[in-house]
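So that the names make sense, note that chain A is the first sequence line, chain B the second, and so on, each numbered from 1. No experiment lies behind these values; they were computed from the predicted model shown.
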2 protein chains.
Amino acid sequence: MNASIITVGDEILIGQIVDSNSAYIAGQLNAAGIRVVAMHSVGDERRAITEALEQAVAGAGVVILTGGLGPTNDDITKNVLAEFTHATGWRTDAPSLEIIQQITAQRGLPMNRQNREQALVPDNCETLLNRIGTAPGLWFEYQGRIIIALPGVPFEMQALMGEVVRKLQASLRLPPVLHRTVATYGMPESVLAAHIAEWERALPPCIRLAYLPGPLTGVRLRLSVYAPDATSERLVAKAVEGLQALLAEVIYGAGDDTLVSVVGRLLRQRRATVAVAESCTGGKIASLLTSEAGSSAYFKGGIVAYDNAVKTGVLQVRASDILEHGAVSEPVVEQMAEGVRRLMEADYAIATSGIAGPGGGTAQKPVGTVWIAIATPQGVTSRRWQFTNDRLRNIDRAAATALNMLRLAFSPAG
Amino acid sequence: MNASIITVGDEILIGQIVDSNSAYIAGQLNAAGIRVVAMHSVGDERRAITEALEQAVAGAGVVILTGGLGPTNDDITKNVLAEFTHATGWRTDAPSLEIIQQITAQRGLPMNRQNREQALVPDNCETLLNRIGTAPGLWFEYQGRIIIALPGVPFEMQALMGEVVRKLQASLRLPPVLHRTVATYGMPESVLAAHIAEWERALPPCIRLAYLPGPLTGVRLRLSVYAPDATSERLVAKAVEGLQALLAEVIYGAGDDTLVSVVGRLLRQRRATVAVAESCTGGKIASLLTSEAGSSAYFKGGIVAYDNAVKTGVLQVRASDILEHGAVSEPVVEQMAEGVRRLMEADYAIATSGIAGPGGGTAQKPVGTVWIAIATPQGVTSRRWQFTNDRLRNIDRAAATALNMLRLAFSPAG
């Protein structure tokens with residue numbers, strides 16, 4: 001089954017916002033075995049939306065629109081859809097009206113005509129109840145196609161997509177899809193692909209493999225069986241075992257695991273705590289660790305030691321080592337890790353010191369040189385890395401690499 | 001002049017990556033007075049790309065494609081364009097070949113056929129020299145339309161867009177566009193709109209106003225005059241003066257200023273330094289400050305004091321105040337700011353303590369409660385804020401609000 005996505009809104013065409021909705025919807029549909037063949041962004045204009053709809057239904061059995069469902073005059077998606085699908089009239093959707101009344105009351109807004117009209121929907125569609133916003137989703141079946149309109153506010157759209165996928169699976173009698181994701185870090189995509197090429201060639205034809213790389217998450221390998229049978233679970237499990245044998249510690253998790261969530265879980269399991277001392281990453285590692293809800297259970301805190309005086313004064317790094325080896329060096333980064341571990345009475349500690357760029361590079365230590373240390377109850381280890389020429393990418397890669405080194409420090413071989 | 005944007009790549013249609021290129025290109029074209037009427041994403045398929053091109057040239061005089069220019073077999077944009085524009089042959093672009101040789105040598109890669117073919121371009125196009133990647137941009141003029149292909153790697157595309165806009169302005173004899181941007185923080189968009197409604201109504205009709213809101217940058221107000229004449233500069237200057245009178249300190253900068261760049265500039269001008277003590281923001285403020293190249297000139301460092309023991313042990317917050325008032329309180333956040341200012345020998349300091357959520361809220365201090373303090377050579381001040389229910393949004397808003405409070409501390413009235 002093919003699908004097409006249409007995003008409606010002038011704010012996208014003037015470059016004011018990045019359309020992240022299309023990627024989210026495409027990811028959800030793809031995981032359900034529905035193939036997205038095109039995405040389209042158009043302005044809040046009747047003719048442009050209608051043309052996009054015509055093209056979409058010509059090439060896809062499922063069309064999902066987002067945006068243009070709000071209460072203001074420039075929100076015309078609902079009207080265009082009523083016309084396009086030849087609705088004969090409008091009805092007030094009672095459950096949606098009730099939610100709108102609750103939300104306007106909570107926000108202290110008047111229940112005016114504009115708000116009430118949000119519950120008015122074409123008489124030929126079903127509604128998808130939006131519990132966190134005032135615009136219900138709409139579900140049309142028209143000339144053998146399914147056309148769905150969702151609000152453009154990302155978290156409202158996301159909240160409705162679960163129901164959309166379930167309804168699509170039921171309506172289209174889509175076979176279930178079996179997914180297993182293996183999350184890896186530390187091997188570049190091209191090296192990884194070469195390393196598992198033979199395993200990949202030997203995969204049963206029913207298993208499809210996708211590489212999903214991300215700057216902070218490494219490369220995720222997703223194995224999928226569309227329309228699985230009784231043997232599929234076992235085949236996938238065997239394939240994953242093969243991967244584990246090939247990749248061993250390069251694999252850090254499964255499913256939706258991230259380096260941050262895995263490190264958090266490892267610390268929780270051991271009732272252990274961590275602290276960080278950051279120079280070139282400038283707070284990024286602390287920020288990543290604390291982006292996880294509940295991180296106060298294992299994250300003690302951190303020192304961003306940008307100035308060398310903070311390295312010596314707060315972290316007790318020996319000034320003579322900075323003088324002799326420079327701030328970006330093995331002895332300094334190891335003393336930073338030990339210093340913050342001691343200061344914050346943590347079980348584990350991470351430290352970074354490097355040259356993020358664009359300035360500060362030398363022939364011996366070019367931009368992208370980063371030392372990372374891990375201190376554990378058993379001692380401290382460190383390693384020198386060479387990243388890129390780009391400041392923000394260097395910070396991201398150093399932060400992710402540091403989290404991965406901490407993860408490896410917990411493993412039996414670490 | 002109308003434009004249409006086409007993004008090519010299977011990775012977009014499966015939801016693997018968010019297409020941020022289209023928004024960047026649209027923003028650049030919009031600022032140059034070119035109106036984007038549609039955006040389209042298609043897979044790496046000849047038929048899909050050709051159909052998207054046909055639709056694009058039917059509705060727009062300028063078409064910009066990104067993606068599919070790489071060296072691998074699935075990169076077919078160049079071939080499709082050669083066919084679409086009826087190229088009669090191919091030529092090797094010598095300047096591009098030279099850059100490709102340099103880049104492959106730098107990266108230690110072999111100069112193989114695939115890399116050499118990156119310099120092979122249809123004989124009916126000009127090239128746009130890509131100095132930081134191996135795929136040159138292509139510029140076709142075809143049946144009265146301009147069709148431009150750019151690499152899909154965002155920083156390579158962005159590096160080429162300046163030249164693209166200049167060439168478009170010259171080719172299309174576009175009138176110049178006069179822009180002035182006023183950056184504001186601290187007034188929600190709807191309140192701001194009401195506050196300046198009268199001023200907006202009185203604007204000369206030649207001045208167009210755009211609201212550009214962002215989570216970390218506040219609301220930017222862009223005043224534009226398309227095809228300006230001798231009076232336009234003065235009219236815009238007068239309008240900006242009107243805004244300044246209405247908004248005063250809500251305005252933090254102009255042009256591309258961000259809160260981070262403005263705070264950095266203010267510190268530099270005063271040869272002053274700053275340190276941060278973060279609880280609920282967990283390193284986000286330090287991370288933002290250090291995202292700016294050259295920040296080591298004024299950023300001393302920071303303490304992420306997640307654990308109360310770090311607040312008392314490292315920052316010298318009185319344990320009795322934590323016991324009596326809680327960690328999220330005026331005395332604690334003020335002592336954190338003073339503590340880090342003293343510890344890091346900084347001139348200024350920022351501190352945050354709050355409940356980011358989702359857990360930890362109470363009736364008196366619900367999720368989203370954040371205390372922020374600013375310590376200066378003159379003393380310390382603090383304020384309680386109430387943000388949202390969402391952890392990551394709370395962290396962002398607290399960080400941006402803290403930077404804005406520091407900015408205001410520098411102003412004559414601060």
Side-chain angles (χ1 to χ4, degrees), chain A residues 12-20 22-30 35-43 48 52 55 210 212 276 278 282-287 289-291 293-296 299-307 309-310 313-314 343-345 357-359 390-392 395, chain B residues 12-20 22-30 35-43 48 52 55 155 210 212 276 278 282-287 289-291 293-296 299-307 309-310 313-314 343-345 357-359 391-392 395:
Chain A
I12 291 166
L13 294 187
I14 64 170
Q16 186 182 316
I17 60 164
V18 170
D19 166 30
S20 59
S22 293
Y24 184 88
I25 294 170
Q28 297 283 308
L29 294 179
N30 184 257
R35 183 164 168 262
V36 175
V37 292
M39 296 172 178
H40 219 115
S41 297
V42 293
Q55 286 165 24
L212 309 171
V276 298
E278 306 185 59
K284 184 78 188 186
I285 300 175
S287 186
L289 283 168
T290 57
S291 66
S295 48
S296 57
F299 180 66
K300 286 270 193 172
I303 307 284
V304 183
Y306 233 51
D307 188 341
V310 178
V314 182
L343 181 68
M344 300 208 171
E345 297 175 359
D390 181 79
R391 180 176 182 83
L392 298 181
I395 292 173
Chain B
I12 290 167
L13 293 187
I14 64 171
Q16 186 182 314
I17 60 164
V18 170
D19 166 29
S20 59
S22 293
Y24 183 88
I25 294 170
Q28 298 283 307
L29 294 180
N30 184 257
R35 182 163 168 263
V36 176
V37 293
M39 296 172 178
H40 218 114
S41 297
V42 294
Q55 285 165 26
F155 66 91
L212 310 171
V276 299
E278 306 186 58
K284 183 79 188 185
I285 300 175
S287 186
L289 284 168
T290 57
S291 66
S295 47
S296 56
F299 180 65
K300 285 269 194 173
I303 306 285
V304 183
Y306 233 50
D307 188 342
V310 178
V314 182
L343 181 69
M344 301 207 170
E345 297 175 359
R391 181 177 183 84
L392 298 182
I395 293 173

Under a 4.5 Å cutoff for heavy-atom pairs, which residue among [options] has the most contacts with chain A?
| options | answer |
| --- | --- |
| B:Gly313, B:Ala210, B:Gly282 | B:Gly282 |
| B:Gly359, B:Ala293, B:Ala309 | B:Ala293 |
| B:Gly294, B:Ala286, B:Gly43, B:Pro358 | B:Ala286 |
| B:Ser20, B:Ala23, B:Gly27 | B:Ala23 |

Contacting region of [X] [heavy-atom separation from chain B under 4.5 Å]:
| X | answer |
| --- | --- |
| A:Leu392 | side chain |
| A:Asn30 | side chain |
| A:Val37 | backbone |
| A:Ala38 | both |
| A:Glu345 | neither |
| A:Ala48 | neither |
| A:Ile25 | neither |

**Report entry** All side-chain hydrogen bond (donor to acceptor under 3.5 Å, both in side chains) counterparts of B:Ser22, not counting sequence neighbours
**Finding:** B:Thr7, B:Asp19
Query raised in the report: Who pairs with A:Asp390 by side-chain hydrogen bond (donor to acceptor under 3.5 Å, both in side chains), at least two apart in sequence or on another chain?
Result: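 Partners of A:Asp390 by the side-chain hydrogen bond (donor to acceptor under 3.5 Å, both in side chains) criterion come out as none, since no residue qualifies.
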Ignoring hydrogens, what is the shortest heavy-atom contact between [X] and [Y]? Give both atom names and the distance.
| X | Y | answer |
| --- | --- | --- |
| A:Arg391 | B:Ser295 | NH2-OG, 3.7 Å |
| A:Met39 | B:Ile12 | CE-O, 3.1 Å |
| B:Ile395 | A:Thr290 | CD1-O, 4.2 Å |

Query raised in the report: Between A:His40, A:Glu278, A:Gln28, A:Gln16, which shows the greatest number of heavy-atom pairs under 4.5 Å with chain B?
Result: A:His40
[Y] and [X], any side-chain heavy atoms less than 4.5 Å apart:
| X | Y | result |
| --- | --- | --- |
| B:Tyr24 | A:Val18 | no |
| B:Phe299 | A:Val304 | yes |
| B:Val36 | A:Ile14 | no |

**Report entry** Portion of B:Ile285 that has a non-hydrogen atom of chain A nearer than 4.5 angstrom
**Finding:** neither
Query raised in the report: So, B:Arg35 side chain and A:Leu13 main chain: donor-acceptor pair closer than 3.5 Å or not?
Result: no
